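Presented below is the structure to which this report refers.
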Amino acid sequence: MNRIRKKILYVLPVVVFVAGILFLNSCSNELDVLFPEWSYAPPTIALNADQRSRMEGIYSVEQGSDQFGSTVILQWTTKQKNYLSVYTGKNFGYFVMQGGNLADTTVYLQGFWRYQSNAQTGLTQMRMTQGTDYVLTGIDSSGITFVGNWGEGQGTGGNTVVFKYVRPIKPELLQIKYYRISHHGSGGGPEYLPQTENTSEICRIIERYGANGIEIDVRISADGVPYMYHDNTLNPRLVQKGSMVGESENYTYKELNSFVRLIHGERIPKLDDILKTIVNETSLEFVYVDCKPSAINNLGEIASIVTKWDSIGNNTPGRDSIQIYMALTTDDLINAFVQLPDYQDIPSINELTTDDVLTTGSEVWSPRWTEGTQNSDVASLQAQGKQVICWTVDIPGFMQSYLFDGLFNGMLTDYPHLLAYYYYGQ
Amino acid sequence: MKHNYFLKFLFIFILLVALNPNSSFGQDIDKSTTEFPASMTPYEWRLSLGYSAIKLPEDVFLEAASVKFPLFKFAAVMGLPSNFLLEGKVNTELVTNQFVLGGRWVYAFDKNWHADVGLSIAYLYGQLKQFGYNSKISGWYSYPSVALGYDFGNLALTFRGTLSFINSLQSTSGTTTVDFAVERANGFYYRITLEQRFYKNTTVGIGFQMNYVKFYYPEWLMFPTFDRYYWIPEFQLMFSL
């Protein structure tokens, strides 16, 4: 018996050690997110700008409020004109839908709903049962009602949802520039949206999720090329399994472009390419190019690209104005920035102190949200013609408080649709 | 990464040297432990000091590397009549502190098998006014727990399961304070602890704790907004004093 006990005493620590190591490495927090799609879309005629405008506004949820809250906001995205976004506010929820005039008898919409706070999602479709004449012709305003259904996952489901028009969005809210800047277009994590963060692909779709601006992250490759990538290393959070490991800056851009696939299959883009997409293919109005530490290796090139696309964007016929800034995030970057020729003419954001903003001649101050609203500092800079954008507000209570009690010109957030819900719902 | 290597080295060192089963012991392990469900002489005190290393989910805590502090755990246990134990703990990360007070009732099935059930109430307070933060958090937790342990004489193995409930939670940034809309049922954690005599009448224990929670208080500065549970493993090293 004693021999057995003694053996156990020898073996037990080793067993516990091995089990512990397995235990620590076995847990997975991967989330399996579905992006449901309709297999068939009935042919509809796209609505024109006036027709779309008549539909936008605040709606009460007559049926389905347990799922989507009591009030929703309908808004068409500006560039992709046939996408209608519904901001629901509940559980970071939203709808993204497409549709239009169906045989001059109704407005038909189909798409999906989603809770961004978890993986719950499903298909949905709706028909306008009241107000079609008003929306299509502008006469006989007797209110608008949508009746539809929603399901879970890929199923269309039999749950009824009814939206009833209450009022338009206040015109002054549509005129004021309040920036809802998507935090590297991530939606809080790379698996939460159908495209990977910091890609041209996410820029093309991010307006459907309530954003009118985007923050993207720039690094410098081993051969001096500014490219887009957030994390310090090539890791499973962002990159599919492959032969490339370690810090992405250790590779040339050609190597990164050739051998790295992001988690949704995209390639890592250059700064030049992603800004070209934003300017030419979106209506985004604010671009926040966050310079990671390696940006110091070719800060002049980043400045040159940012300045070029800011100029092109603001001189492109038919495009609304756009502000493209390079964001200075460390003292080293600031010191390097002020060595650039004519640095005060380079569009820049300063994330450090208000004094640093004046030193670099930046047009925008971007403090961390965790420092509070800082209204006196914000007002002081705004009086000098600066804008103030805080980063990165994701907690609903703080988002509302900063929107209503703060003086910021906008916020970075992983949930631009929730910020849109609070903003347009005023 | 160097930090992890150090911990692994320390861990293996303790296994190979301190956990030597041929050591001679003055008394049974259950006379020194604070984790194993052993009854104590009424009003006898025991103290322990522990350290936790935490592996955070990278997909959520993007900025975790920017603000990370070691988590230390102090515990005091006092024996009470009728196999009850009074337990107080301070878990501190320097900027985050949790003060725990609770009780356990111990039952011995035989010389080797022991169990306890307990309930603790915890107050959480955290504050950071550096590194771009002007933030505070406070709140109340409750932790019902159950444990089963086996006493080998020189070693003690304990499995403890604990439920985590959040009774209230407030966060402040600057002058703005909001109630976190977190669910009351926050999740659970379980821990496997192996304890052994270390030096004189002290013990050393190694523990593997798996947290399955929505809100993980030591990382409140990076609190994610997703309504989902996360597996967050902890490695623990603890010494009775």
Side-chain angles (χ1 to χ4, degrees), chain A residues 5-10 12-17 19-21 23-31 91-92 115-120 183 186 188-192 230-232 235-238 351-352 367-375 392 394-398 400-402 405-406 414-415, chain B residues 8 11-12 14-16 18-22 53 55-60 62-63 65 128-129 131-135 152-155 157 170-181 192-194 196 206-212 221 223-235:
Chain A
R5 285 178 72 90
K6 208 165 186 178
K7 279 186 178 176
I8 288 174
L9 294 181
Y10 274 117
L12 194 58
V14 178
V15 169
V16 171
F17 173 74
I21 295 300
F23 160 88
L24 289 180
N25 287 297
S26 64
C27 58
S28 169
N29 287 301
E30 283 183 21
L31 192 65
N91 291 337
F92 302 79
Y115 287 162
Q116 192 79 7
S117 61
N118 56 40
Q120 279 189 268
H183 184 215
S186 71
E191 71 268 69
Y192 281 84
H230 178 274
D231 292 5
N232 291 330
N235 62 57
R237 192 186 82 84
L238 291 176
E351 288 191 1
L352 302 187
R368 196 173 190 142
W369 75 275
T370 47
E371 301 211 58
T373 52
Q374 305 182 83
N375 279 349
T392 295
D394 283 347
I395 297 170
F398 283 108
Q400 291 178 78
S401 178
Y402 284 23
D405 303 330
D414 288 305
Y415 310 111
Chain B
K8 285 172 183 169
F11 181 75
I12 291 167
I14 288 167
L15 278 177
L16 296 180
L19 300 183
N20 177 3
N22 290 323
K55 182 183 176 188
L56 295 173
E58 291 178 359
D59 60 329
V60 177
L62 279 180
E63 296 160 42
L128 182 61
K129 294 196 171 184
F131 313 120
Y133 289 86
N134 183 9
S135 304
F152 291 90
N154 299 329
L155 286 173
L157 189 64
Q170 292 84 37
S171 177
T172 300
S173 280
T175 56
T176 305
T177 299
V178 302
D179 285 329
F180 269 141
I192 300 168
T193 307
L194 182 67
Q196 168 64 298
I206 51 171
F208 298 98
Q209 176 169 313
M210 184 62 86
N211 303 276
Y212 186 66
L221 288 167
F223 174 61
T225 44
F226 302 118
D227 181 23
R228 54 179 282 209
Y229 290 100
Y230 293 95
W231 290 107
I232 301 174
E234 277 185 54
F235 163 70

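As the structure is a computational prediction, the values presented were derived from the model and not from experiment. Just so it is clear: chains get the letters A, B, ... in the order the sequence lines come, proteins before strands, and each one is counted from 1. When reading the values below, keep in mind they use all heavy atoms of this one structure, side chains included, and skip hydrogens, waters and symmetry mates.
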Is it the backbone or the side chain of A:Gln116 that comes under 4.5 Å from a heavy atom of chain B, or both, or neither?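 The backbone, not the side chain.
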Is chain B contacted by the side chain of A:Phe92, its backbone, both, or neither, given a heavy-atom distance below 4.5 Å? side chain
Hey, does the side chain of B:Ser135 reach the backbone of A:Thr370 with a donor-acceptor pair shorter than 3.5 angstrom?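 Flag set: sc B:Ser135 to bb A:Thr370 pair under 3.5 Å.
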Is a donor on one side and an acceptor on the other found under 3.5 Å between the side chain of A:Thr373 and the backbone of B:Thr175?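 Checking the backbone N and O of B:Thr175 against the side chain of A:Thr373, no donor-acceptor pair under 3.5 Å is found.
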Determine the minimum heavy-atom distance between B:Phe131 and A:Arg368, stating which atoms define it. O-NH1, 3.7 Å
Might you point out which heavy atoms bring B:Ser173 and A:Trp369 nearest each other, and give the distance in Å? OG-CZ3, 3.4 Å
Side chain, backbone, both or neither: which part of B:Thr172 has a heavy atom under 4.5 Å from chain A?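 Contact with chain A involves the backbone of B:Thr172 alone.
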Identify which part of B:Tyr229 has an atom lying under 4.5 Å from any heavy atom of chain A, answering side chain, backbone, both or neither.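 Interface part for B:Tyr229: backbone (N, CA, C, O).
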Distance in Å, A:Tyr402 OH paired with B:Thr176 OG1, rounded so as to fall on 0.5 Å steps: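 Reported value, rounded in 0.5 Å steps: 5.0 Å.
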